[in-house]
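Data block below; observations after.
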Amino acid sequence: MANPGYGKRSTPNQRPGTPQDFALLPTRERYVAGFIDHLPEGAAMSVKQLAKQLPLYGQQAVSTALTALSVAGHLRRVRCPVGAGEEMRWVFRTFWSRTARDNEWWTTYLAAETATQAAGPEPEAATPPPPWVPDEEPPPAPEDPGPGQGPESAAVPQQRTPDQAPDAEPAPPDPDTAPAAPQAPVAGPSTAYLALAHLGRNDHRLALSADDCAALEAQAAEWLARGVSVDYLTSALTAGLPTKVDSPVGLLRRRLNDKMPPRLPTEDTAPDSPAPTARRVLMECTDCGRPGPPEAFPDGLCRPCREAHGRGSAQVPDHPTEAADIKARMNNIRDLLRTV
């Protein structure tokens, strides 16, 4: 898949693939386009990755072919932000279309992608149960009372107790028959306790007893309360251990005190937090990689690369007769040099 970047993204509404999809392209561009069209979704499409998998052409030839495919309307390269705040990073993607598109179509499509990035992921709708799952049956309705019975007839009549003497004391309850008091459910070990208990399982030098875990549980819970994960706590306590640990509980108590992480303020308490930036999809020049808005890159190329590409396509190769004249003139010069 596309960890390095330029992951393939297929555009919608493409015609079905046929052997004549890229018949109007030159041989090299047709070869590269056919290979890209069969790549799976998300596959790496950088010049270096494609050149590794195409034995007939090198990086320069693949780069020139991608530029030609961009001009033909088959691909556009973009970069878009992922994440938020200090963890935001830019990812690179290549939108591919088997059907050649014009500049207006690409500008509209990338504008829709920008709106999708700004709106964020849509909430998932509730998935209906499969057809083979039976519907829940409604609770049974209460039975209608008989004609001679009313609503009060279903009540259990009160039983009479034998009369007791006024000075008789009530008998004490039998301890065997007395109902037991409800017991509160026993709470399981905390996350901090389990993290300390697993240290000895992962490294025998940090084996702790149950009393040691209970003694260090409050300090480990303070770490977790400051926003760190269990993996961060474990790596901080196990990094750089000496070869022999005489007192695991003493070493861990010292590390829990000395390496206590700072308490970071939450996002709600920060008064001067900057406003979230708009997530806009920026197009890249297929040739030089310069970023910019989609409307500034007709054919997927910036202005300098587009002018260079136009000059290169306007150059007419030498006529065969001119090349033959040059060859004959050079042979004549060599003959003259031999006679001197």
Side-chain angles (χ1 to χ4, degrees), residues 1-5 7 42 79-93 114-127 129 180-282:
M1 301 303 286
N3 289 332
R79 61 174 66 178
C80 55
V82 173
E86 297 181 355
E87 298 181 356
M88 189 183 72
R89 59 189 180 90
W90 290 88
V91 296
F92 303 88
R93 294 171 181 169
T114 302
T116 304
Q117 290 283 338
E122 297 181 357
E124 297 182 358
T127 305
Q183 298 181 356
V186 180
S190 63
T191 306
Y193 185 93
L194 294 176
L196 295 171
H198 280 86
L199 293 176
R201 303 290 180 89
N202 300 331
D203 194 331
H204 66 279
R205 292 173 293 181
L206 298 179
L208 298 174
S209 64
D211 295 338
D212 295 340
C213 293
L216 300 177
E217 182 179 3
Q219 293 175 292
E222 178 65 20
W223 279 57
L224 300 179
R226 298 191 176 206
V228 302
S229 61
V230 176
D231 294 337
Y232 181 90
L233 172 65
T234 303
S235 60
L237 296 179
T238 58
L241 290 176
T243 307
K244 183 179 180 181
V245 179
D246 296 329
S247 177
V249 62
L251 175 66
L252 293 178
R253 181 181 291 110
R254 180 64 180 270
R255 289 195 170 190
L256 286 172
N257 288 330
D258 295 347
K259 296 185 176 183
M260 182 71 68
R263 188 184 299 276
L264 299 178
T266 59
E267 296 180 359
D268 298 337
T269 59
D272 300 331
S273 57
T277 57
R279 295 169 173 259
R280 185 173 185 181
V281 175
L282 297 178

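The figures that follow rest on heavy atoms only: side chains count, while hydrogens, waters and symmetry mates do not. Predicted model, so just to flag it, every value in this text is computed and none were measured.
- Residues forming a salt bridge (charged side-chain N to carboxylate O under 4.0 Å, His left out) with Asp258 (at least two apart in sequence, or on another chain): Arg254.
- The shortest non-hydrogen separation linking Arg255 to Leu241 is NH1-CD2, 3.7 Å.
- The shortest distance between side-chain heavy atoms of Pro248 and Arg205 does not fall below 4.5 Å.
- Here CG of Leu251 is found 10.0 Å from CG of Asp246. Values are rounded to the nearest 0.5 Å.
- In this view, Arg226 and Glu222 satisfy the salt bridge (charged side-chain N to carboxylate O under 4.0 Å, His left out) rule, not counting sequence neighbours.
- Between the side chain of Trp223 and the main chain of Leu256, a donor-acceptor pair closer than 3.5 Å is present.
- Between Cys213 and the options Leu199, Val249, Leu196, Leu252, a side-chain contact (heavy atoms from CB on, under 4.5 Å) holds for only Leu196.
- The main-chain N or O of His198 is found under 3.5 Å from a side-chain atom of Asn202 such that the two form a donor-acceptor pair.
- Side-chain polar atoms of Ser209 and Asp212 form a donor-acceptor pair below 3.5 angstrom.
- What you find for Glu217 and Ala192 is that their closest heavy atoms are O-CB, 3.8 Å.
- In this structure, Arg201 and Leu206 have side chains that are not in contact, with every pair of non-hydrogen atoms separated by 4.5 Å or more.
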